[in-house]
Amino acid sequence: MNRLSFYLFVLALGAWGFSSCGSGDSPAATPSAGERPPNIIYILADDLGYGDLSCYGQQHYKTPNIDRLAAEGMRFTQHYSGSTVCAPSRSALLTGQHTGHTFVRGNYEIMPEGQYPLPDSVLTLPEVMQQAGYVTGAFGKWGLGYPGSEGDPTAQGFDTFFGYNCQRIGHHYYPHYLWSDRDSVVLSGNAGQHTGEYGPAIIHGKTLQFIREHQSEPFFLFVPSIIPHAELAAPDSLIEKYRSLLPPGEPYEGYDEGPDYRRGPYGSQAHPRAAFAAMMEVLDHQVGEIIATLEELNLTENTLIIFTSDNGPHREGGADPDFFDSNGPLRGYKRDLYEGGIRVPMIARWPGKVQAGATAGHVSAFWDLMPTVAELAGTKAPEGIDGVSFLPTLLGQEVQPRHDYLYWEFHEKGGRVAVRKDNWKGVKYGVLEDPDTPLELYNLADDVGETSDLAAQYPDVVAALEDILRKARTPSAVFNFGQGTYLNSH
């Protein structure tokens, strides 16, 4: 983006308005003309629930560095993931489309390694950022295209990638290898059953290296961590620390040898609760080191950090979300389309631009990231997306465009769909088995835990939400959810 374009972008932001999100004067919207656009760091935890951060109510351990982001930035209370499982959630994030439109709409394994690829024809968020002059990097778990495919991260707009290509291999914290761009890197310390090299630590080192190498140019840094997804594994010293702080849980007996060892099935964990808390400490520490690196390089004031999670808390590999109250006041877990499966924490920090200590009730979703960061970068988002920029909320402006509705579909468990319109939430389970299954209706303003089905009392609302469900999606030749049944026959 040239200087004139950026100057006009600054004027446009300045013409917007004053905030309803906080009190006092609105912070400066953008850097002054002539300065480079902001760096953007997007940290995506894996299966972290709404209640898994101490700034969202967690009581069994602390997340001080993530809490610092909230204290110095904005905490969102009504933010939604793209889906209730990994791959479609990431597809919604990177394409700006909900699961009725985005290409990857479910977890679809490709053997021996990887998932069904995003096609070349899809314009992704990192490609948009490249076009705006950003250098782009991804460090962590991919899951949107097997190595060397058209969905490989280096074919989808990332200048560099380091981590797990395959989300199934990403179940393991001591992997036999990781991917560096399109080359596999053998971790000799993990040969056989050894545990000498902790995958998240290696990936984190590459993440910090990326920041240092590109400190003099605008960068978009995507950090899709594998924490706290199962299996449950962390350095022994941290697990021992939490063994003394938490009551013991039920040991988990997993898969510790055989042909599929470290190829997907979860390993055993004698102390699942302690391991989970230890993993959360690792994640929080890594966020703290990212913050510290920005401070060291004088990049803090010109960097927007967003922290969130790809879906609700899991119950796999010995995890105990009920003990940790991982979904907080919400109903459901990963694979549910109740709030606990899709409402996730989101924190945004940009000193001097995002009001410190603010709380935002704006209803937003993963598909909103595309138009938000495109606007920040001074470029246009693609046509045909479902996202609505939440930049006005970040900058404390009064006028914030809102969604007419949010939509999700989930292809497993007999088929599940959900829609939110204003404070109404409609949920249907088993739509592939029974196309006429009744819609459950909840008023989230009064019942965030979705305990009281109001469908019988508000038939007009039910009819309106049913109409949205019929129209919210387009058919998919690959993810043909509902063809010939509920979503395409009504």
Side-chain angles (χ1 to χ4, degrees), residues 42 44 46-47 82-83 85-95 102-127 129-130 135-192 197-207 209-210 220-227 229-231 255 259-267 310 478-479:
Y42 189 89
L44 183 68
D46 197 344
D47 294 3
S83 181
V85 292
C86 297
S89 194
R90 286 159 167 74
S91 184
L93 177 73
L94 296 183
T95 65
T102 195
F103 185 85
V104 175
R105 304 185 188 185
N107 287 340
Y108 189 133
E109 298 295 323
I110 301 293
M111 294 298 178
E113 177 179 3
Q115 283 70 46
Y116 201 93
L118 280 173
D120 283 335
S121 58
V122 173
L123 183 60
T124 64
L125 175 57
E127 289 174 328
M129 299 306 286
Q130 282 182 331
V135 61
T136 59
F139 299 86
K141 187 178 88 171
W142 181 240
L144 292 174
Y146 56 89
S149 70
E150 60 184 331
D152 189 286
T154 59
Q156 289 291 341
F158 285 108
D159 295 311
T160 187
F161 168 78
F162 189 91
Y164 299 83
N165 173 285
C166 175
Q167 58 194 30
R168 185 179 67 257
I169 304 301
H171 292 170
H172 306 292
Y173 286 72
Y174 296 94
H176 289 144
Y177 61 90
L178 292 169
W179 287 91
S180 178
D181 296 334
R182 298 200 178 197
D183 295 322
S184 60
V185 177
V186 174
L187 304 183
S188 58
N190 296 339
E197 298 182 76
Y198 191 57
I202 298 170
I203 295 168
H204 179 59
K206 298 291 186 180
T207 303
Q209 181 181 336
F210 176 88
F220 172 67
L221 172 57
F222 180 41
V223 187
S225 174
I226 64 169
I227 298 175
H229 195 299
E231 57 190 9
Y255 189 95
D260 289 329
Y261 179 66
R262 293 186 185 167
R263 300 291 301 174
Y266 306 123
D310 66 346
V478 179
F479 300 90

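The analysis underlying the following values was restricted to heavy atoms, covering all of them including side chains, and did not include hydrogens, waters or symmetry mates.
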How far does [atom1] of [X] sit from [atom2] of [Y], to the nearest 0.5 angstrom?
X    : Y    : atom1 : atom2 : answer
Y174 : E197 : OH    : CD    : 10.5 Å
T124 : F103 : OG1   : CZ    : 14.0 Å
K141 : H229 : NZ    : NE2   : 4.5 Å
L178 : L187 : CG    : CG    : 4.5 Å
F158 : L94  : CZ    : CG    : 5.5 Å
I110 : C166 : CD1   : SG    : 10.0 Å

Should we say atom OH of Y108 is surrounded by more than 12 heavy atoms from elsewhere, each under 6.0 Å from it?
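For Y108, atom OH is not crowded (no more than 12 foreign heavy atoms under 6.0 Å).
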Check the pair D159 / Q130 against side chain to side chain donor-acceptor pair (under 3.5 Å), numbers first and verdict last.
CA-CA 9 Å; D159 295 311; Q130 282 182 331; 2.8 Å; yes
When you measure from the side chain of [X] to the backbone N and O of [Y], does any donor-acceptor pair fall under 3.5 Å?
X    : Y    : value
T95  : T102 : no
N165 : G114 : no
S184 : Y177 : no
R90  : D310 : no
H172 : Y266 : no
Q156 : L118 : yes
E113 : P147 : no

Step by step, work out the side-chain contact (heavy atoms from CB on, under 4.5 Å) result for V104 and Q115.
CA-CA 9 Å; V104 175; Q115 283 70 46; over 6 Å; no
Please test H171 against R263 for side-chain contact (heavy atoms from CB on, under 4.5 Å), starting from the C-alpha separation and ending with a verdict.
CA-CA 8 Å; H171 292 170; R263 300 291 301 174; over 6 Å; no
Angle class for the F479/Y116 ring planes (parallel below 30°, perpendicular above 60°, tilted otherwise)?
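If you compare the ring of F479 with that of Y116, the planes turn out perpendicular.
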I227/Y173 under side-chain contact (heavy atoms from CB on, under 4.5 Å): CA gap, chis, key distance, verdict:
CA-CA 9 Å; I227 298 175; Y173 286 72; 3.7 Å; yes
Between F161 and D152, is the side-chain contact (heavy atoms from CB on, under 4.5 Å) condition met? List the steps.
CA-CA 9 Å; F161 168 78; D152 189 286; 5.9 Å; no
Is any side-chain heavy atom of R262 closer than 4.5 Å to a side-chain heavy atom of N190?
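Yes. Closest side-chain heavy atoms under 4.5 Å.
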Any chance the rings of F222 and F139 have centres within less than 6.0 Å?
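No, they do not, as the ring centres are separated by 6.0 Å or more.
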For the residue pair N107 and A87, what are the closest heavy atoms and their distance?
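Residues N107 and A87, closest heavy atoms: OD1-N, 3.0 Å.
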For the residue pair G157 and T136, what are the closest heavy atoms and their distance?
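Reported closest heavy-atom pair: O-OG1, 2.6 Å.
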